[in-house]
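So you know, we letter chains A, B, ... as the sequences are listed, proteins then strands, and number each from 1. Please read these numbers as outputs of a predicted model, since none were measured by experiment.
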2 protein chains.
Amino acid sequence: MEGTRWLDERQMAAWQGFLEATSRVSRHVEQQLKEDAGLSHPQYEVLVRLAGAPGGELRMTDLAEGLFSSKSNLTYQVGQLEKHGLVRRRSCPTDVRGILAVLTEEGRDTLRAAAPGHVAAVRAALIDVLEPDETDTIARALGRVGARLRPPARNTEEAEAAETETAEAEAQGAGSSESGGMSTSSS
Amino acid sequence: MEGTRWLDERQMAAWQGFLEATSRVSRHVEQQLKEDAGLSHPQYEVLVRLAGAPGGELRMTDLAEGLFSSKSNLTYQVGQLEKHGLVRRRSCPTDVRGILAVLTEEGRDTLRAAAPGHVAAVRAALIDVLEPDETDTIARALGRVGARLRPPARNTEEAEAAETETAEAEAQGAGSSESGGMSTSSS
DNA sequence: GCAGTACGTTTCGAATTTGAACAACCGGTG
DNA sequence: CACCGGTTGTTCAAATTCGAAACGTACTGC
């Protein structure tokens with residue numbers, strides 16, 4: 001079949017730009033985090049999510065959701081964090097199978113110390129390079145792209161209502177306004 | 001120092017969207033490629049670059065440039081490709097130190113066979129989800145982001161002229177219009 | 001020519017990532 | 001109570017990744 005719809009020049013540029021930006025930004029951020037705080041990016045994300053959870057603890061499964069890696073990887077990451085004393089494991093009281101990952105004091109401190117440098121790196125690599133309207137477009141467009149590839153997600157009630165417009169991309173960044181969430185709270 | 005400039009809501013959404021899109025798109029494309037053609041994405045990129053080069057051969061170093069991975073990784077990837085007979089190594093006639101990676105006939109066939117599915121995956125995951133103006137914005141903005149983080153690049157003469165505006169992002173996508181470059185040439 | 005430095009590529013060891021297989025456990029059914 | 005499908009978290013081996021060190025070779029000045 002000759003019917004393949006190839007990419008035109010603009011689409012090609014978008015794909016290439018996406019690929020390169022992806023690779024370089026990720027590397028930049030990861031490196032800063034490693035050098036400055038001894039954390040990998042996945043590990044940092046785990047800390048952020050724990051810090052944003054009530055009591056600083058979360059079940060492995062809940063932690064895995066929205067954390068873009070496999071289950072076994074999460075086990076590994078939490079294991080590493082535990083080895084460094086930033087996280088502790090506790091069995092879940094209501095479900096013997098469940099394990100709660102708990103943020104330790106040291107973990108909270110580490111996150112607090114790491115956050116400013118991380119935000120600076122994110123700004124330097126991405127945010128401060130974008131014009132305000134570009135920022136909005138990227139948030140909207142890439143939010144849609146990500147949401148569309150999200151695993152089917154067991155229907156938590158009427159999940160049909162909100163389609164692909166916006167709305168969904170927001171449940172993502174919310175909930176972390178304390179230590180490492182990098183939200184607005186400067187002066 | 002209290003002076004950390006945190007991210008406001010829109011910037012946060014952009015960063016989160018970027019992260020999620022990055023992760024999911026990359027996984028989607030990689031999986032399609034692996035299942036459909038038995039190639040990893042880096043390997044596919046190597047093939048594309050070789051196919052776009054005169055004679056289907058390129059020096060390792062030239063191959064490494066713009067291929068967003070470390071040198072040692074490139075050695076590994078080419079090694080894998082060679083093991084499968086898609087690429088052959090040949091020592092460079094003008095510089096004994098240099099090694100040329102040469103695309104074999106089988107490699108060319110494999111690429112030709114893999115390209116349509118790959119383009120389809122890229123479309124499904126990213127391109128077809130974007131409005132035309134979003135596509136342009138992303139190409140421009142992310143192109144700038146990527147270019148800015150590009151390693152200093154040894155000054156190839158007057159490399160000062162073109163700053164960070166546009167211009168640079170274009171030398172990236174060009175040069176691959178044959179087999180797997182997915183450029184416009186349908187009917 | 002000959003030291004000294006820069007370049008091109010690979011090798012090495014360690015860290016990370018993944019998918020598949022596993023063991024224990026929930027909830028509901030008969 | 002024993003069974004069954006689905007969940008939860010871990011373990012295992014294999015593949016991939018990286019950075020640093022190792023090598024052999026090219027250029028440079030003397």
Legend entry - Check: A/Q77 and A/L67 side chains under 4.5 Å, non-hydrogen atoms: no

Inset, instruction - Could you say whether B/Y76 or A/Y76 is positioned toward the 5' end of DNA chain C, judged by the nucleotide with the nearest heavy atom to each? - result: B/Y76

Legend entry - Residue met sooner reading DNA chain C from 5', once B/G98 and A/Q43 are mapped to nucleotides: B/G98

Inset, instruction - Could you tell me whether a side-chain N or O of A/T137 sits under 3.5 Å from a main-chain N or O of A/D133, the two making a donor and an acceptor? - result: yes

Inset, instruction - Report yes if a side-chain nitrogen or oxygen of B/S72 is closer than 4.0 Å to either non-bridging phosphate oxygen (OP1 or OP2) of D/dC18; otherwise report no. - result: no

Inset, instruction - Could you check how far CG of B/N73 sits from C1' of C/dT16, rounded to whole Å? - result: 13 Å

Inset, instruction - Give a yes/no answer on whether the side chain of B/R89 brings an N or O atom under 4.0 Å of OP1 or OP2 in C/dT9. - result: no

Inset, instruction - Report yes if a side-chain nitrogen or oxygen of B/T75 is closer than 4.0 Å to either non-bridging phosphate oxygen (OP1 or OP2) of C/dT9; otherwise report no. - result: no

Legend entry - Whole-Å distance separating the CZ atom of B/R59 from the C1' atom of C/dC7: 9 Å

Inset, instruction - Figure out the CD/P separation between A/E35 and D/dC18, and round it to whole Å. - result: 15 Å

Inset, instruction - Let me know the distance between CG of A/L74 and C1' of D/dT8, rounded to the nearest Å. - result: 12 Å

Inset, instruction - Name the closest nucleotide to the A/M60 side chain, picking from D/dT10, D/dC18, D/dT17. - result: D/dT10

Inset, instruction - Can you tell me the distance, in whole Å, between the CG atom of A/D95 and the C1' atom of C/dG27? - result: 11 Å

Inset, instruction - Report yes or no: does A/S91 contribute a side-chain atom to a donor-acceptor pair with the main-chain N or O of A/I99 at less than 3.5 Å? - result: no

Inset, instruction - Spell out, as yes or no, whether a donor-acceptor pair under 3.5 Å connects the side chain of B/R59 to the backbone of B/A64. - result: no

Legend entry - A/R27 vs B/V96, nearer the 5' end of DNA chain D by closest nucleotide: A/R27

Inset, instruction - Can you tell me the distance, in whole Å, between the NZ atom of B/K71 and the P atom of D/dC23? - result: 16 Å

Inset, instruction - Before accepting this row, confirm whether a basic side-chain N of the pair A/K34/A/E30 lies closer than 4.0 Å to the acidic partner's carboxylate O. - result: no

Legend entry - Gap between atoms NZ and P, on A/K34 and D/dA20 respectively (whole Å): 12 Å

Inset, instruction - Check whether the side chain of A/R97 and the base of C/dC26 form a donor-acceptor pair under 3.5 Å. - result: no

Legend entry - Under-4.0 Å side-chain N/O to phosphate OP1/OP2 contact, A/Q80 with C/dT16: yes

Inset, instruction - Round to the nearest Å and state the distance from A/I99 atom CD1 to C/dA23 atom P. - result: 18 Å

